[in-house]
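If you're wondering where the values come from, they're calculated on a predicted model, not measured in any experiment.
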Amino acid sequence: MPKESYTLNIRKVGVVGLGTMGQGIAEMLASKGLEVIMIERSQERLEHGVQMIEISLDKQIEKWALTQTEKKLMMNRMETSLDYEKLADCELVIETISEDLDSKKLVFEAIDRICGPEAILASNTSTLSLTELASVTGRPDRVIGTHFIYPVFKIDLVEIVRGLKTSDETFLRTKHFVEEVIQKKGVMVFESPGFVTTRLICLLINEALHVLEEGVATAEDIDNAMRIGYSFHHGPFEMCDRFGLDSVLAALERMFREYGELKYRPSIVLKKMVRAGQLGAKTGSGFFKYDMDGDRI
């Protein structure tokens with residue numbers, strides 16, 4: 001395949017969904033000089049997403065990692081809208097809404113109608129089937145998974161997930177974008193519930209929950225053991241808080257359904273905390289407490 005066929009310039013990227021992951025992806029794309037169109041279902045959610053991006057940039061300014069001028073340039077590269085039509089000129093659209101198959105299918109139907117025939121339609125899903133998402137489009141060969149890891153800015157890895165009909169050209173163009181444009185390491189993964197990272201990290205978190213349930217150690221001591229002993233950036237409980245307890249629960253439940261193995265059955269403690277609305281950093285309370293900026297108290 002000629003190189004120019006998969007290195008077509010991607011300069012404008014759509015991000016559908018401005019939750020924690022959407023904010024991180026949009027901020028990272030803008031930092032790489034790309035024009036970003038951010039879509040949400042309500043003005044309130046759009047404003048909240050932009051506010052959180054600004055808070056993130058302000059934190060970097062405080063640490064001398066960014067200047068006010070650079071922040072202004074990045075904010076100018078990001079445009080918000082409630083209208084999917086704004087995505088018409090994007091060469092790549094990344095869907096990053098919550099892990100609900102039916103909702104994601106509606107997004108893919110919408111972006112498939114609007115985006116040009118050469119556009120790549122990507123999903124940041126961590127557990128759902130790319131083949132199933134692609135089935136609602138007229139271009140299943142151009143649907144692919146780009147699973148970013150939280151926090152997007154700091155983690156230089158993207159799982160590039162191939163669905164059953166994802167073409168070699170789509171994979172090569174996406175890999176070029178990941179490695180040459182946004183300068184992260186892309187690993188190819190064939191479609192499987194949880195892929196590599198979610199499958200392994202959710203099992204670790206679930207086992208940590210069982211250790212906690214059994215009274216072997218406190219959440220703080222379990223995290224310290226893994227963070228200090230094995231050089232984890234965060235221990236399993238803080239990771240769970242930062243991913244969102246609801247997201248971890250949803251991933252485990254889906255893998256339990258798909259694989260049918262008891263090791264994926266979510267801990268009862270996780271279920272109780274989600275029912276109580278203690279979802280981690282985004283609600284200020286999970287296994288630990290967090291301030292409005294998402295920093296541990």
Legend entry - Side chain Asp223, main chain Glu238, donor-acceptor under 3.5 Å: yes
Legend entry - Minimal non-hydrogen separation, Leu212 against Ala219, with atom names: CD1-N, 3.5 Å
Inset, instruction - Measure the CD-OG1 distance between Gln23 and Thr96 for me, rounded to the nearest 0.5 Å. - result: 9.5 Å
Legend entry - Closest heavy-atom pair and its distance - Tyr259, Ser192: OH-OG, 2.8 Å
Inset, instruction - Could you grab the distance from atom CE of Met75 to atom CG of Leu57, nearest 0.5 Å is fine? - result: 6.5 Å
Legend entry - Test item: Lys59 and Asp295 side chains (from C-beta on) under 4.5 Å apart, heavy atoms: yes
Legend entry - Asn206 side chain vs Cys202 backbone, donor-acceptor pair below 3.5 Å: no
Inset, instruction - Determine, using the 4.5 Å side-chain heavy-atom cutoff (strictly less than), whether Ile144 and Val136 are members of one ILVMFWY cluster. - result: no
Inset, instruction - Measure the shortest side-chain to side-chain distance between Ile97 and Glu95 over non-hydrogen atoms and say whether it is less than 4.5 angstrom. - result: yes
Legend entry - Charged N-O contact under 4.0 Å between Asp246 and Lys282: yes
Legend entry - ILVMFWY cluster, Phe195 and Ile160 together (side-chain gap under 4.5 Å): no
Inset, instruction - Would you give the length of the straight line joining atom CD1 of Ile205 to atom CG of Leu249, rounded to the nearest 0.5 angstrom? - result: 11.5 Å
Legend entry - Heavy-atom pair with the smallest gap, counting every atom of Val13 and Ile10: CG2-CG2, 3.7 Å
Legend entry - 4.5 Å side-chain heavy-atom contact, Glu214 and Leu209: no
Legend entry - Check: Asn124 main-chain N/O paired with Thr146 side-chain donor or acceptor under 3.5 Å: no
Legend entry - Residues in side-chain contact (heavy atoms from CB on, under 4.5 Å) contact with Asn224, at least two apart in sequence or another chain: Glu220, Asp221, Arg227, Ile228
Inset, instruction - Could you tell me whether the side chain of Glu207 and the main chain of Leu204 form a donor-acceptor pair under 3.5 Å? - result: no
Inset, instruction - Could you tell me which residues satisfy salt bridge (charged side-chain N to carboxylate O under 4.0 Å, His left out) with Lys289, sequence neighbours excluded, listed by chain and number? - result: none
List the atom pairs, donor and acceptor, that lie under 3.5 Å between side-chain atoms in residues 261-271 and the rest of the protein, sequence neighbours left out.
from   : atom 1 : to     : atom 2 : distance (Å)
Tyr264 : OH     : Arg199 : NE     : 3.0
Ser267 : OG     : Glu213 : OE2    : 2.4
Ser267 : OG     : Val269 : N      : 3.1

Legend entry - Sequence neighbours excluded, every pair satisfying salt bridge (Lys or Arg N to Asp or Glu O under 4.0 Å) that has a member inside residues 129-144: Lys105-Glu132, Asp112-Arg139, Glu118-Arg142, Arg142-Glu169
Inset, instruction - Output the distance between atom NZ (Lys12) and atom CG (Asp89), rounded to the nearest 0.5 Å. - result: 4.5 Å
Legend entry - Nearest-0.5 Å distance, CG of residue Asp100 to CG of residue Leu128: 8.0 Å
Only distances under 3.5 Å count here; give the side-chain donor-acceptor pairs of residues 24-40 to other protein atoms, sequence neighbours excluded, each with its distance to 0.1 Å.
from  : atom 1 : to    : atom 2 : distance (Å)
Glu27 : OE1    : Ser56 : OG     : 2.9
Glu27 : OE2    : Ser56 : OG     : 3.0
Glu27 : OE2    : Gln60 : NE2    : 2.7
Ser31 : OG     : Met28 : O      : 2.6
Glu40 : OE1    : Arg45 : NE     : 3.2
Glu40 : OE2    : Leu18 : N      : 2.9
Glu40 : OE2    : Arg45 : NE     : 3.3

Legend entry - Worked check of side-chain contact (heavy atoms from CB on, under 4.5 Å) between Glu44 and His48: CA-CA 6 Å; Glu44 183 184 11; His48 175 72; 5.8 Å; no
Inset, instruction - Check whether any side-chain N or O of Glu191 sits under 3.5 Å from a backbone N or O of Thr131 as a donor-acceptor pair, and report yes or no. - result: yes
Inset, instruction - Provide the full list of ring pair (Phe, Tyr, Trp, His ring centres under 6.0 Å) pairs with a residue in residues 136-175, sequence neighbours left out, each pair given once. - result: none
Inset, instruction - Applying side chain to side chain donor-acceptor pair (under 3.5 Å), run through Thr137 and Glu109 and close with a yes or a no. - result: CA-CA 6 Å; Thr137 75; Glu109 284 176 345; over 6 Å; no
Inset, instruction - Using the side chain to side chain donor-acceptor pair (under 3.5 Å) rule, pick out the option among Glu99, Arg257, Glu258 that qualifies with Thr127. - result: Glu99
Inset, instruction - Applying salt bridge (charged side-chain N to carboxylate O under 4.0 Å, His left out), name anything that partners Arg11, two or more places apart in sequence or on another chain. - result: none
Inset, instruction - Give the cluster check for Ile149 versus Val15: same hydrophobic cluster or not, with ILVMFWY residues linked at side-chain heavy-atom distances below 4.5 Å. - result: no
Legend entry - Co-membership, hydrophobic cluster, residues Val158 and Leu121, 4.5 Å side-chain: no
Inset, instruction - Kindly indicate whether the side chain of Val93, heavy atoms from C-beta on, has any atom under 4.5 Å from the side chain of Val107. - result: no
Legend entry - Residue pair Ile155 / Lys184: nearest heavy atoms and the distance that separates them: O-NZ, 3.1 Å
Inset, instruction - Answer yes or no: is there a side-chain heavy-atom contact under 4.5 Å between Glu159 and Val196? - result: yes
Inset, instruction - Please tell me if the side chains of Thr170 and Thr174 come closer than 4.5 Å, counting only heavy atoms from C-beta onward. - result: yes
Inset, instruction - Treating Ile, Leu, Val, Met, Phe, Trp and Tyr as nodes and any side-chain heavy-atom pair under 4.5 angstrom as an edge, say whether Ile120 and Val16 lie in one connected cluster. - result: no
Legend entry - Qualifying residues under side chain to side chain donor-acceptor pair (under 3.5 Å), relative to Glu79, sequence neighbours excluded: Lys86
Inset, instruction - Using a 4.5 Å cut-off on heavy atoms from C-beta on, say whether the side chain of Leu157 contacts that of Thr197. - result: yes
Legend entry - Gap separating the CZ atom of Phe288 from the OG atom of Ser285, nearest 0.5 angstrom: 11.0 Å
Legend entry - Residue pairs involving residues 118-138 (criterion ring pair (Phe, Tyr, Trp, His ring centres under 6.0 Å); sequence neighbours excluded): none
Legend entry - Side-chain heavy atoms of Met255 within contact of Leu203, under 4.5 Å: no
Legend entry - With Lys185 via salt bridge (charged side-chain N to carboxylate O under 4.0 Å, His left out) - residues at least two apart: Glu179
Legend entry - Exam field: side chain Arg242 to backbone Pro151, donor-acceptor pair closer than 3.5 Å: no
Inset, instruction - Taking salt bridge (charged side-chain N to carboxylate O under 4.0 Å, His left out) as the test, write out the residues that go with Lys165, two or more places apart. - result: none
Legend entry - NZ/NE/NH1/NH2 to OD/OE distance under 4.0 Å, Asp58 and Lys71: yes
Legend entry - For the student: nearest non-hydrogen atoms of Ala134 and Val143, plus distance: CB-CB, 3.7 Å
Inset, instruction - With side-chain contact (heavy atoms from CB on, under 4.5 Å) as the test, would you mind laying out the steps for Ile201 and Phe243 before giving the verdict? - result: CA-CA 11 Å; Ile201 211 66; Phe243 295 152; 4.0 Å; yes
Inset, instruction - List the atom of Leu130, the atom of Ser123, and the distance in Å for their closest heavy-atom pair. - result: CD1-CB, 4.1 Å
Legend entry - Arg296 bridged to Asp291 by N-O distance under 4.0 Å: no
Legend entry - By ring pair (Phe, Tyr, Trp, His ring centres under 6.0 Å) - contacts of Phe237 (at least two apart): Phe287
